[in-house]
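Given the structure is predicted, the values throughout are model-derived calculations rather than measurements.
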2 protein chains.
Amino acid sequence: MHKGETVGPLDTAVGYVLKEAASALRGAMDASLRPLNLTVPQYACLELLGQRPGLSNADLARGAFVTRQSMNVVLQGLEARGLVIRPAEAAHGRQLPAELTPAGRAQLQAASTAVHAVEVRMCAGLSPARQKELLATLAVCARNLTETT
Amino acid sequence: MHKGETVGPLDTAVGYVLKEAASALRGAMDASLRPLNLTVPQYACLELLGQRPGLSNADLARGAFVTRQSMNVVLQGLEARGLVIRPAEAAHGRQLPAELTPAGRAQLQAASTAVHAVEVRMCAGLSPARQKELLATLAVCARNLTETT
DNA sequence: GACCGTATGTCAAAATCCTTACATGCACAA
DNA sequence: TTGTGCATGTAAGGATTTTGACATACGGTC
């Protein structure tokens, strides 16, 4: 067995600490979204639609890192609550471009504020430069793993 | 609405990119563990036990960021496959200290090598210094969110 | 000793999510 | 035009995970 062939001590393994941070973030997010009666996937859907109106179900699924089927039930729930609207028929292809209703925008405003507060808390003590580098480094990591080559 | 109250563009939001990276890592990990007939939680359990023999079910659950109940089914599965052993009775309290069998150690060796390869691929192009800073920064983020104060 | 708070292992039920599958619709090439 | 490939929306099923609950066991204080 050569040195470095296996995963080392957990607190020095990038993957482990990454999961630890993601898990903590997830927990903090649903705690802060619960008062608004929103789950994390529901919030993700609203945020996506707020920033990119007209996204299809499949687009939203990719953006929220879930399957189309999961996003579809999220959309149906948000639609039933009057936060999102989708046309009955597709104008082009099969895609049904979704959009926020005024009520959806209001919910998003509250939710996004709450989530932003969580992010601020998470990054407490990190200089802007360090936050920026974290962002860039994580983007590189994600890219390295999603490349098909 | 004041500047910065809500979450900004997705690719500049730390939380979003963090989830993106974690999701990519999860996908790459199951792909590389599938040939070994191991899921990510199962691998996590083996890795924990390899590094800290005698951990209880609750300890393993905390270390793998799942509930005790989930870890319990994982343990039962690994026990049935002869990779892990637990005493029938607790020596102290209710904790049942789990340990790897020789077969479990062999499986862990293969799995840990595969996962390490994924981590290497993920960190490709990052200098050792940058990896170290990533590690430290993520640890700070996790700490900031898990503090009870 | 008796009590209360906390931690553990486990069971049952519910919710969540993914896997599989199929019917459609567009784009592109032969 | 025809067909092949790929993407989409949706439904049904199963697998996994969490939620809620309970009995037990230790550690502290009164």
Side-chain angles (χ1 to χ4, degrees), chain A residues 19 22-31 33-34 37-45 48-49 52 54-81 84-99 148, chain B residues 19 22-31 33-34 37-45 48-49 52 54-81 84-99 148:
Chain A
K19 174 151 186 179
S23 175
L25 174 61
R26 172 65 184 250
M29 279 178 70
D30 30 56
L33 288 172
R34 188 164 306 125
N37 279 323
L38 284 177
T39 66
V40 171
Q42 286 170 338
Y43 157 72
C45 181
L48 260 323
L49 284 177
R52 308 208 268 265
L55 245 43
S56 72
N57 177 30
D59 290 329
L60 290 167
R62 277 186 289 271
F65 313 109
V66 295
T67 61
R68 284 170 295 167
Q69 293 82 343
S70 296
M71 182 52 71
N72 198 18
V73 319
V74 169
L75 270 176
Q76 286 173 2
L78 294 175
E79 226 175 339
R81 284 162 67 177
V84 166
I85 43 170
R86 274 191 293 181
E89 299 177 358
H92 177 68
R94 301 198 69 189
Q95 302 190 6
L96 298 177
E99 286 186 13
T148 53
Chain B
K19 174 151 187 179
S23 175
L25 174 62
R26 172 66 183 249
M29 279 178 70
D30 347 93
L33 288 172
R34 188 164 306 124
N37 279 321
L38 285 177
T39 66
V40 171
Q42 286 170 339
Y43 157 71
C45 181
L48 260 325
L49 284 178
R52 308 211 266 267
L55 246 43
S56 72
N57 177 31
D59 291 328
L60 290 167
R62 276 186 290 270
F65 312 108
V66 297
T67 61
R68 285 170 297 167
Q69 293 84 337
S70 296
M71 182 52 72
N72 200 16
V73 318
V74 169
L75 269 176
Q76 287 172 2
L78 294 176
E79 225 173 341
R81 284 164 65 177
V84 167
I85 44 171
R86 273 191 296 181
E89 298 177 358
H92 177 69
R94 301 197 69 189
Q95 302 189 9
L96 299 177
E99 286 186 14
T148 52

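A/Ser56 comes within 4.0 angstrom of sugar-phosphate atoms only, judged by non-hydrogen atoms across all strands, and of no base. Looking at heavy-atom distances under 4.0 Å, A/Val73 makes no contact with the nucleic acid at all.
Put simply, the side chain of B/Leu25 does not reach to within 4.5 Å of the side chain of A/Lys19, judged on heavy atoms. Looking only at side-chain heavy atoms (C-beta outward), B/Arg81 and B/Leu38 come within less than 4.5 Å of each other.
When rounded to the nearest whole Å, the span between CD of A/Gln42 and P of C/dT16 equals 8 Å. The separation between A/Leu75 atom CG and D/dA11 atom C1' is 16 Å, rounded to whole Å. Taking atom CZ of residue B/Arg34 and atom P of nucleotide D/dA15, one finds them 16 Å apart after rounding to whole Å. Note: CD (A/Gln95) to C1' (D/dC6) measures 13 Å, nearest angstrom. The distance between atom NE2 of A/His92 and atom C1' of C/dA27, rounded to the nearest whole Å, is 9 Å. Look at CZ on B/Arg94: it is 7 Å from C1' on C/dT10, rounded to the nearest Å. Whole-Å rounding puts the B/Asn57 CG to C/dG9 P distance at 5 Å. Distance B/Leu60 CG to C/dT8 C1': 13 Å, rounded to the nearest Å.
Contact between A/Ala64 and A/Leu48 at its shortest, heavy atoms only, is N-CD2, 4.3 Å. Minimum heavy-atom separation, A/Val84 to A/Glu79: O-CG, 3.3 Å.
At a cut-off of 3.5 angstrom, the base of D/dT16 holds no donor-acceptor pair with the side chain of B/Gln69. Between the side chain of A/Arg68 and the base of D/dA7, no donor-acceptor pair of N or O atoms lies under 3.5 Å.
Between A/Thr39 and A/Gly93, the residue whose closest nucleotide on DNA chain C is further toward the 5' end is A/Thr39. Residue-to-nucleotide proximity on DNA chain C shows that, of A/Phe65 and B/Leu96, the 5′-proximal contact is made by B/Leu96.
Rounded to 10°, the helix from C/dG1-D/dC30 to C/dA30-D/dT1 has 30° between the axis fitted to its first five pairs and the one fitted to its last five.
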Q: Go through the steps for B/Leu33 and B/Val40 under the test side-chain contact (heavy atoms from CB on, under 4.5 Å), then give the verdict.
A: CA-CA 7 Å; B/Leu33 288 172; B/Val40 171; 4.2 Å; yes

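Close to C/dG9, at under 4.0 Å from its OP1 or OP2, lies no side-chain N or O of B/Asn72. The shortest distance between the side-chain N/O atoms of A/Arg86 and the OP1/OP2 oxygens of D/dT8 is not below 4.0 Å. The phosphate of D/dT17 (OP1 or OP2) has no side-chain N or O of B/Thr67 nearer than 4.0 angstrom.
Here the CZ atom belonging to B/Arg68 is positioned 13.0 Å from the CG atom belonging to B/Leu60, to the nearest 0.5 angstrom. To the nearest 0.5 Å, the span separating CZ on B/Arg86 from CG on B/Leu49 amounts to 10.0 Å.
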